Each structure stands twice: as C-alpha cells, then as structure tokens.
Amino acid sequence: MPAASGEQGVREQVSRMDPAGADPCCPSPTEGEAPPPQGLFPTSCNMAARAPPPRALAPPPVPTETAGKEQVKMELENASLWKQFSAVGTEMIITKKGRRMFPGLSVKLSGLNPALRYILLLDIVPLDSSRYRFQGDAWQTVGEAEARLPDRVFIHPDSPATGAHWLGRSVAFHRAKLTNHTLDSQGHIILHSLHRYQPRLHIMEARDMLRWGGAQHSFSFPETQFLTVTAYQNPRITELKIRSNPFAKGFREDGRNCKK
DNA sequence: TCGACTCGCACTTTTGAATCGG
DNA sequence: ACCGATTCAAAAGTGCGAGTCG
C-alpha cells in the first residue's frame with residue numbers, strides 16, 4: 001500500500017536546541033504551528049513536582065555539530081485507515097488505567113544519518129480551547145476547555161537507536177496509552193475527555209537516553225486528530241473500530257459476543 | 001433527570017516461558 | 001549444549017451494558 005508522500009498531509013518543523021541559549025529543557029515553540037501553551041517538554045520544575053513517568057525524562061542537552069544534511073521525512077504508514085476514521089470523526093477511548101490508541105501511529109522514516117543515534121517521541125497537544133458534546137449526529141462545542149494538563153511524552157521503546165535501525169522499517173507507537181487520570185503514575189499520556197487533540201511525533205538526535213540534543217524534527221498528520229471519550233458516542237466509529245481492531249473481533253456479526 | 005464516567009464481563013490477540021526435536 | 005520451532009497458559013486489549021456519581 002503506498003503511503004502518503006512526505007509532502008502530503010505532513011507538517012514538519014525543524015528546530016535546533018541552542019546549546020548556549022534559552023532553557024534547553026523547554027525549547028521555544030517551533031515555527032509554522034500555533035504555539036502550544038507549554039513547551040514540548042515539561043520544565044524541570046514540572047518534572048520535580050510530579051512523579052516522573054518511567055520513560056519521560058527531561059535530559060540535559062548535548063551540543064552537536066552534526067545537523068541532518070539530508071531532509072528527514074516521515075510517512076504515516078496506515079494513513080488510509082486513519083482517513084477512514086477521520087472522515088467519520090475519530091474518537092479515542094480514555095480510561096483511568098490507560099487505553100491504547102486505535103488506529104495506532106505507525107510511521108516510516110527516511111533521511112536519517114545511519115550512524116547517528118536518535119530518540120523518537122510521541123506527544124499529544126490540544127487542537128483548540130473548546131469542550132465538545134455529541135449532539136444529534138455531530139460534535140458541537142459546549143464551552144471552554146478545561147485547564148491544560150502537564151505535558152507527557154511517550155518515548156519509543158527502541159530509543160535511542162541509530163538511524164540505520166529506524167530506517168527502512170515501520171516504527172509503531174501502539175504501546176502508548178491514554179488516560180484521564182490526572183494523578184496517573186504509570187507514565188501514560190494524560191488527556192481531558194471530550195476535547196480535541198493532535199498527536200505529534202518528534203525525532204531528536206541523542207547520544208544516549210540521558211544526553212539529547214542537536215537537530216529536532218517534529219511531524220503531525222491532520223488525519224490523526226481525534227476526540228477523547230470515555231464511551232463511544234458515534235455508532236459509526238464503534239462500527240469502524242469493531243471492524244478494524246482485531247481485539248474487537250468478538251463483537252463482529254460473526255462473533256459470539258455480537259449484539260443482535 | 002441526565003450526561004459522563006467506572007467497572008465487570010465475555011471475548012480475542014499477544015506475549016513469554018516451557019517443551020521438544022534436530 | 002545449543003538453537004529454532006511449537007505449544008500453552010497468562011496477561012493484555014476490546015466494546016458492551018449496568019450501575020454510580022455529580
């Protein structure tokens with residue numbers, strides 16, 4: 001299946017950590033996108049104020065002299081599935097214990113330096129400042145969004161790995177979990193229910209897990225935007241999920257658990 | 001009263017340890 | 001002793017529906 005081209009449906013921002021500049025743990029918002037209310041990574045104060053998730057670290061920067069000379073590209077592998085959901089209005093269940101995303105984010109990378117090491121990150125940012133409700137047959141805004149929660153990132157379990165490792169294989173973030181538990185200690189990404197979000201993927205040069213720095217590439221795919229819910233609102237989304245998700249096989253018409 | 005949320009259920013897939021044979 | 005393939009049980013991931021909460 002041909003994946004979406006690097007130019008189609010992909011927005012990339014490339015930024016560079018300034019070794020001697022502003023707070024390296026909180027890079028200023030990248031250009032070309034509405035600046036999120038908070039930086040990509042929590043401030044050290046934020047990190048100290050809450051229990052750190054197992055793989056969500058705020059490492060010190062590493063000055064690097066090697067910038068990506070070739071253009072780094074990221075393609076969404078399962079873009080067609082995402083587009084099916086997006087056409088209906090993607091909903092993601094969030095639970096207290098954490099729920100995986102479906103569809104999951106699966107991408108292919110190109111343009112990385114095979115010899116350099118990289119860390120791949122996923123974070124999810126609010127799309128707007130509204131709260132939503134499913135009324136009639138559509139989502140409508142019903143008021144102001146709740147206060148933004150502390151940012152958390154999901155670090156791909158293979159990180160850090162060389163460019164050679166990431167190139168030519170599909171990189172899946174299906175283990176990332178979403179929760180509505182504001183005091184979550186499992187490192188899941190905390191979101192508000194009934195809000196709209198945009199997942200973002202980041203590639204960072206790194207020598208190891210504790211020394212990040214150098215060029216940073218950020219990508220977002222419009223078709224991966226979603227609304228968070230604690231129970232599906234749109235029956236068409238339920239139908240699509242049951243049809244597409246192997247774990248929900250039991251609810252298909254030929255399954256024993258299907259409702260008549 | 002109503003909408004949002006939680007929890008347990010029955011089902012499926014995934015994962016990893018144990019076992020077996022070459 | 002080692003390694004790869006197979007088996008199997010436990011863990012994890014699904015949506016549903018009833019019950020709870022504010």
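Chain A is the first sequence line, chain B the second, and so forth, proteins listed ahead of strands; every chain is numbered from 1. Small disclaimer: the values here were computed from a predicted structure and weren't measured. These values consider heavy atoms only, across backbone and side chains, with no hydrogens, waters or symmetry-generated copies.
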Participant: Specify the separation, in whole Å, of atom CZ of A/R100 and atom C1' of C/dA12.
Facilitator: 7 Å
Participant: Donor-acceptor pair, distance only, cut-off 3.5 Å: does the side chain of A/R117 make one with the backbone of A/G163?
Facilitator: no
Participant: Please report the interatomic distance OH(A/Y132) to CH2(A/W139), rounded to the nearest 0.5 Å.
Facilitator: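 Answer for the OH-CH2 pair, A/Y132 versus A/W139, is 10.0 Å.
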Participant: Can you tell me how far apart OH (A/Y197) and OG1 (A/T224) are? Round to the nearest 0.5 Å.
Facilitator: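 Rounded to the nearest 0.5 Å, the OH-OG1 separation comes out at 14.5 Å.
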Participant: So, is A/K177 close to the C/dG13 phosphate, meaning a side-chain N or O under 4.0 Å from OP1 or OP2?
Facilitator: yes
Participant: So, does A/N245 get its side chain near the phosphate of B/dT13, meaning an N or O under 4.0 Å from OP1 or OP2?
Facilitator: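 So the side-chain polar atoms of A/N245 never come under 4.0 Å of the phosphate oxygens OP1 or OP2 of B/dT13.
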Participant: Return whichever of A/A248 or A/L194 has its heavy-atom-nearest nucleotide of DNA chain B closer to the 5' end.
Facilitator: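 Looking at DNA chain B, the more 5' nearest nucleotide goes with A/L194.
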Participant: What are the atom names and distances for every N/O pair under 3.5 Å that joins the protein to nucleotides 6-11 of chain C?
Facilitator:
none

Participant: Quick one: A/L178 CG to C/dT14 C1', roughly how many Å, whole number?
Facilitator: 15 Å
Participant: Output yes when at least one side-chain N/O atom of A/K249 is less than 4.0 Å from OP1 or OP2 of B/dT13, else no.
Facilitator: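 Answer is yes, contact under 4.0 Å.
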Participant: At how many degrees, to 10°, do the end axes of the helix from B/dC2-C/dG22 to B/dG22-C/dC2 meet when each uses five pairs?
Facilitator: 30°
Participant: Which one, B/dT6, C/dT14, C/dG15, comes nearest to the side chain of A/T230?
Facilitator: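 Minimum distance to the A/T230 side chain belongs to B/dT6.
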Participant: Answer yes or no: does a side-chain N or O of A/R99 lie under 4.0 Å from OP1 or OP2 of C/dA12?
Facilitator: no
Participant: Taking CZ from A/F134 and P from B/dC5, how many angstroms apart are they, rounded to a whole number?
Facilitator: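 Rounding to the nearest Å, CZ of A/F134 and P of B/dC5 are 15 Å apart.
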Participant: Separation of A/Q233 atom CD from C/dC16 atom P, in whole Å?
Facilitator: 12 Å
Participant: Give a yes or no answer on whether the side chain of A/N180 reaches the backbone of A/K96 with a donor-acceptor pair at less than 3.5 Å.
Facilitator: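 Pair found, side chain donor or acceptor close to backbone of A/K96.
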Participant: Using only side-chain N and O atoms of A/S193, determine if any of them is under 4.0 Å from OP1 or OP2 of B/dC5.
Facilitator: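 Answer is yes, contact under 4.0 Å.
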Participant: NA contact type, A/T238, heavy-atom cut-off 4.0 Å: base, sugar-phosphate, or nothing?
Facilitator: sugar-phosphate
Participant: Give a yes/no on whether any side-chain N or O of A/R175 is located under 4.0 angstrom from OP1 or OP2 of C/dA12.
Facilitator: no
Participant: Between P on B/dA10 and CZ on A/F251, what's the gap in Å once rounded to a whole number?
Facilitator: 11 Å
Participant: Evaluate A/E146 against A/R131 for salt bridge (charged side-chain N to carboxylate O under 4.0 Å, His left out), listing each step before the verdict.
Facilitator: CA-CA 7 Å; A/E146 294 187 46; A/R131 182 186 166 90; 3.1 Å; yes
Participant: Is it possible for you to say whether A/F219 and A/I189 belong to one hydrophobic cluster, with membership spreading through side-chain heavy-atom contacts below 4.5 Å?
Facilitator: yes
Participant: Within this structure, what is the OG-CZ distance for the pair A/S244 and A/F102, rounded to the nearest 0.5 Å?
Facilitator: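 Spacing of OG (A/S244) from CZ (A/F102) equals 5.0 Å.
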Participant: Could you state the atom-to-atom distance from OH of A/Y232 to P of C/dG17 in whole Å?
Facilitator: 14 Å
Participant: Can A/Q225 and A/R196 be counted as having a side-chain donor-acceptor contact under 3.5 angstrom?
Facilitator: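 On atom types as modelled, these side chains qualify, holding a pair under 3.5 Å.
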Participant: Under 6.0 Å between ring centres: does that hold for A/H156 and A/F173?
Facilitator: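 Ring centroids of A/H156 and A/F173 are less than 6.0 Å from each other.
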Participant: In this structure, how many angstroms lie between the P atom of C/dC16 and the CD1 atom of A/I242, rounded?
Facilitator: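 The distance from CD1 of A/I242 to P of C/dC16 comes to 4 Å, rounded to the nearest Å.
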Participant: Less than 3.5 Å apart, any donor N or O on the side chain of A/H195 or A/T228 sitting next to an acceptor on the other?
Facilitator: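 Checked: A/H195/A/T228 side chains show no N/O donor-acceptor pair below 3.5 Å.
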Participant: Rounded to whole Å, please give me the gap between CD in A/Q135 and P in B/dG3.
Facilitator: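 For the pair A/Q135 CD and B/dG3 P, the rounded distance is 9 Å.
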